[in-house]
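Before any comments, here is the structure.
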Amino acid sequence: MAKIKRILLAEDNENDVELTLAALQECRLGNEVEVVRDGAEALDCIYRKGKYKGHEESLPCVILLDLKMPRVDGLEVLRRIKSDPDIRHVPVVMLTSSREEKDLVQSYDLGVNAFVVKPVDFGQFLQAIRALGMFWAIINEPPPAKMQA
């Protein structure tokens, strides 16, 4: 039986982290959610460097990536992921408060799989996260393991 892959959440806003985790938990997904607080930590987690060195080396089933983060922003994290042949197939969802067209265009130019503007309304936010979790963790068919190696 295949191991359930984890979801990587890169988000610096504590309230958004709590809301996202609550919404994903409501879905009753079996996926572990690994939370990182900035882009540099996201890259360390993905590449198993720094405090993540020696951790299990499996790629997440999806990366939920905030756009505006300290140290390394979401666009730079996305750029590095999608330019690396070893991990470019991992789906990345930009999860952001930004409604700026340039952020949307840049994200898609860099290869983002989806761009979701965080709803301000609590109920709509929960609904959006549940839909994301269900789609990327359960419904979406990931590329074969040999493509992710």
Side-chain angles (χ1 to χ4, degrees), residues 1-98 100 103-104 106-119 122 125-126 128-149:
M1 184 172 170
K3 184 177 183 283
I4 297 174
K5 289 194 167 203
R6 65 190 160 73
I7 295 170
L8 178 60
L9 172 61
E11 173 62 68
D12 64 317
N13 181 302
E14 190 57 43
N15 288 336
D16 287 350
V17 168
E18 288 178 26
L19 287 173
T20 302
L21 292 175
L24 290 171
Q25 191 172 24
E26 265 188 41
C27 297
R28 299 192 189 333
L29 298 177
N31 306 71
E32 169 195 351
V33 180
E34 192 157 10
V35 179
V36 294
R37 307 297 177 172
D38 62 52
E41 190 179 359
L43 291 168
D44 282 353
C45 180
I46 292 164
Y47 287 105
R48 298 301 186 215
K49 295 179 179 178
K51 73 179 187 180
Y52 297 94
K53 190 174 184 171
H55 286 210
E56 182 181 336
E57 290 196 36
S58 69
L59 293 172
C61 63
V62 65
I63 299 169
L64 304 178
L65 184 61
D66 187 24
L67 186 63
K68 313 278 191 220
M69 289 187 296
R71 300 204 300 160
V72 178
D73 72 11
L75 288 172
E76 182 58 27
V77 173
L78 176 64
R79 180 180 289 108
R80 292 188 196 177
I81 291 169
K82 294 302 182 178
S83 66
D84 183 335
D86 293 332
I87 62 172
R88 70 174 183 216
H89 296 291
V90 175
V92 178
V93 176
M94 198 63 78
L95 189 57
T96 180
S97 301
S98 174
E100 293 183 38
D103 291 335
L104 178 72
Q106 240 183 325
S107 295
Y108 277 109
D109 282 348
L110 292 171
V112 79
N113 297 87
F115 189 97
V116 177
V117 176
K118 298 174 193 170
F122 175 73
F125 183 86
L126 289 178
I129 298 299
R130 279 195 302 265
L132 282 173
M134 293 295 290
F135 179 78
W136 291 106
I138 295 175
I139 297 169
N140 182 57
E141 191 67 36
K146 65 183 175 194
M147 287 181 70
Q148 296 180 17

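Values in this document were obtained by computation on a predicted structure and should not be read as measured data. This chain uses plain numbering: 1 for the first residue, then up along the sequence.
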Report yes if the side chains of [X] and [Y] come closer than 4.5 Å at any heavy-atom pair, otherwise no.
X	Y	value
R80	L43	yes
E34	C45	yes
L67	D73	no

How close do F125 and L19 get, heavy atom to heavy atom, and via which atoms?
->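 Taking F125 first and L19 second, the nearest heavy atoms are CE2-CB, 3.2 Å.
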What heavy-atom pair brings G133 and L24 nearest, and what distance separates the two atoms?
->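 Closest heavy-atom pair between G133 and L24: CA-CD2, 3.6 Å.
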Do you know which of L65, D66, V62, V33 makes side chain to side chain contact (heavy atoms under 4.5 Å, CB included) with L9?
->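 The single option meeting the side chain to side chain contact (heavy atoms under 4.5 Å, CB included) with L9 is V33.
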Expected output: side-chain E76 to main-chain V72 donor-acceptor under 3.5 Å =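 Side chain of E76 to backbone of V72: no pair is present.
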Is it true that [X] and [Y] make a salt bridge, defined as a side-chain N closer than 4.0 Å to a carboxylate O?
X	Y	answer
R37	E14	yes
D44	K49	no
D12	K68	no
D16	K118	yes

Anything under 3.5 Å between a donor and an acceptor, one on a side chain of residues 108-116, the other on a protein residue two or more places apart or in another chain? List them.
| residue | atom | partner | partner atom | Å |
| --- | --- | --- | --- | --- |
| Y108 | OH | F115 | N | 3.4 |
| N113 | OD1 | K82 | NZ | 3.0 |
| N113 | OD1 | V92 | N | 2.8 |

